[in-house]
Amino acid sequence: MEKNKNKFPTFLGKGVKELTSKKALLGAFLFAVALWFYTSLNQEFYTTIKIPLKIITSNNWSIEFTGKDRFINEVPIEVKGNGWQLFNLLFINPAYEIVIDLSNKDIDSIYQISRNDLIDNVKFLGNARAVSTNSPPITIRLGRIGISSVEVKPRVRIIPKEGFLLIGKIRVNPDIINIRGNEKIIKQIQYWSTESRVFTDVDEPFLFEVPLKDTLSNLISLSQKEVKVSGEVQQIAELIFYDVPIKTKGRDLGENHVLVPDKFKVTIRSGIDMITKINPKDINISLDYYQIMNDDTGVLVPEISVPENYKVLSIEPKYVYHYLR
């Protein structure tokens with residue numbers, strides 16, 4: 001009997017066939033998915049997109065009145081297009097906007113932007129088309145432009161790294177900006193906020209650029225778009241002071257009144273660079289004279305104050321006993 005030569009063992013042949021069969025099945029599945037995807041994207045769809053609203057006015061005029069509701073910066077527009085066109089609008093090139101030009105209109109006049117105006121003035125949709133909107137008509141009035149200086153308030157939260165703490169307040173540079181818009185509107189604005197930001201694991205002095213809010217971009221223009229926020233973050237340090245004396249506010253007690261104890265142990269916390277700058281004279285433990293005179297329990301809670309950027313962790317003992325000789 002002749003021996004088989006140059007042949008795979010039977011179990012290897014079966015393995016190759018199974019692998020080939022799985023690859024063919026996977027390839028067919030991927031091809032079907034790609035074909036379905038391609039076919040679907042060539043069909044027409046409707047989708048609603050929130051499109052930014054931009055209103056152009058003369059250089060010396062601005063929007064004053066926008067009806068009972070606050071001014072809207074975006075308008076929901078139903079858009080018609082095939083899958084490829086809508087995919088491009090949503091994910092690749094979202095440059096669309098609604099542009100309403102009122103630069104040639106008269107001041108102190110009221111104008112209504114209708115739904116058709118909104119739909120007809122959608123720009124940069126490519127081959128897609130705006131078909132409808134459920135937005136109500138927008139009523140506006142044009143007024144004179146004014147300029148005002150307002151304080152900048154940071155909406156910034158600093159979360160120091162474990163074992164560190166924020167020293168003092170967050171600083172803003174510049175802390176005053178100019179706002180430009182309708183005279184009647186800017187007179188009502190007392191300050192301008194930054195965008196909300198949270199910075200975590202901060203373990204050193206910081207300096208961050210934070211955008212200013214632009215929610216009224218159609219009504220108000222700002223002298224700049226960003227400000228810098230900064231502050232001190234230091235490692236936590238604690239210091240214990242012994243024999244800090246108590247004082248009486250208002251008048252001297254006299255010899256007939258005795259306070260026990262008259263000295264305290266105080267634990268202070270601050271940053272490692274700040275803690276060395278405080279001394280016992282900066283710690284003020286006190287009781288009000290009239291509080292002592294009106295006391296009928298014999299047990300009082302002293303007040304304690306320390307300079308800014310320091311925190312009292314504990315005072316021992318917590319109470320003062322008042323005796324009459």
Side-chain angles (χ1 to χ4, degrees), residues 70 146-181 185-217 219-241 244-247 249 264-288 301-316 318:
R70 69 179 182 86
I147 298 177
S148 178
S149 296
V150 295
E151 177 188 1
V152 177
K153 289 193 176 183
R155 297 181 61 192
V156 174
R157 184 183 177 194
I158 302 296
I159 303 178
K161 190 176 180 179
E162 185 175 356
F164 291 77
L165 79 165
L166 176 66
I167 304 295
K169 297 180 180 179
I170 296 173
R171 299 183 292 272
V172 183
N173 185 28
D175 58 353
I176 300 290
I177 62 166
N178 292 328
I179 59 174
R180 183 176 184 270
I185 294 178
I186 63 174
K187 285 181 180 178
Q188 302 174 24
I189 298 175
Q190 304 300 317
Y191 64 88
W192 201 271
S193 298
T194 68
E195 296 283 355
S196 297
R197 292 290 186 272
V198 178
F199 300 96
T200 60
D201 289 333
V202 182
D203 60 0
E204 60 184 358
F206 59 87
L207 176 65
F208 301 121
E209 288 189 353
V210 180
L212 293 167
K213 291 189 70 173
D214 64 350
T215 51
L216 297 176
S217 57
L219 304 177
I220 304 292
S221 61
L222 311 178
S223 57
Q224 60 192 81
K225 294 183 178 180
E226 295 181 337
V227 293
K228 295 179 179 179
V229 296
S230 61
E232 288 287 327
V233 171
Q234 297 179 12
Q235 190 171 359
I236 293 174
E238 297 175 2
L239 191 60
I240 299 175
F241 293 92
V244 180
I246 190 170
K247 302 174 184 178
K249 294 188 299 182
F264 296 80
K265 171 186 172 183
V266 181
T267 303
I268 302 295
R269 171 179 287 177
S270 187
I272 194 168
D273 296 331
M274 296 288 298
I275 202 72
T276 58
K277 298 177 182 179
I278 190 171
N279 61 66
K281 294 181 180 180
D282 297 321
I283 303 171
N284 184 26
I285 302 175
S286 63
L287 281 171
D288 185 81
V301 179
E303 297 179 8
I304 181 168
S305 62
V306 291
E308 187 179 7
N309 301 329
Y310 297 90
K311 179 181 180 181
V312 177
L313 288 185
S314 65
I315 175 173
E316 298 178 18
K318 295 181 179 180

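- Scored by the ring pair (Phe, Tyr, Trp, His ring centres under 6.0 Å) test, Phe208 finds Phe199, Phe206 as partners (sequence neighbours excluded).
- Closest approach of Pro302 and Ile315 over heavy atoms only: CG-CD1, 4.3 Å.
- Here the straight-line distance linking atom CD of Gln234 with atom CD of Glu204 works out to 12.0 Å at 0.5 Å rounding.
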Could you list the donor-acceptor pairs under 3.5 angstrom formed by side chains in residues 266-274, with sequence neighbours left out?
residue, atom, partner, partner atom, Å
Thr267, OG1, Ser314, OG, 3.3
Arg269, NE, Glu238, OE2, 3.2
Arg269, NH2, Glu238, OE2, 2.6
Ser270, OG, Asn309, O, 2.8

Compile the donor-acceptor pairs under 3.5 Å between side chains in residues 221-229 and protein atoms, sequence neighbours left out, one pair per line.
residue, atom, partner, partner atom, Å
Ser221, OG, Arg180, O, 3.3
Ser223, OG, Asn178, N, 3.1
Ser223, OG, Asn178, O, 3.4
Gln224, NE2, Glu226, O, 2.6

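- Considering every non-hydrogen atom in both Pro160 and Ile158, the closest pair reads CD-O, 3.4 Å.
- Taking every heavy atom of both residues into account, Ile275 and Tyr310 meet most closely at CA-CE2, 4.2 Å.
- Taking all atoms of both residues into account, the shortest heavy-atom contact from Leu287 to Val301 is CD2-O, 3.5 Å.
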Distance-only criterion, 3.5 Å: show the donor-acceptor pairs between side-chain atoms of residues 162-172 and protein atoms not counting sequence neighbours.
none

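- In terms of heavy-atom proximity, Ser149 sits nearest to Ile176 at CB-CG2, 3.9 Å.
- Legend: side chain to side chain donor-acceptor pair (under 3.5 Å) pairs involving residues 185-195, not counting sequence neighbours: none detected.
- For residues 302-315, the salt bridge (Lys or Arg N to Asp or Glu O under 4.0 Å) pairs, not counting sequence neighbours, are Lys249-Glu303.
- Atom CD1 in Ile278 sits 8.0 Å away from atom CG in Leu239 (nearest 0.5 Å).
- Residue Arg197 holds its CZ atom at 15.0 Å from CZ of Arg157, rounded to the nearest 0.5 Å.
- A distance of 10.5 Å separates CD of Glu151 from CD1 of Ile177, quoted to the nearest 0.5 Å.
- Residue Ile189 holds its CD1 atom at 7.5 Å from CD1 of Ile186, rounded to the nearest 0.5 Å.
- Considering CD1 of Ile220 and CD1 of Ile185, their distance stands at 5.5 Å, rounded to 0.5 Å.
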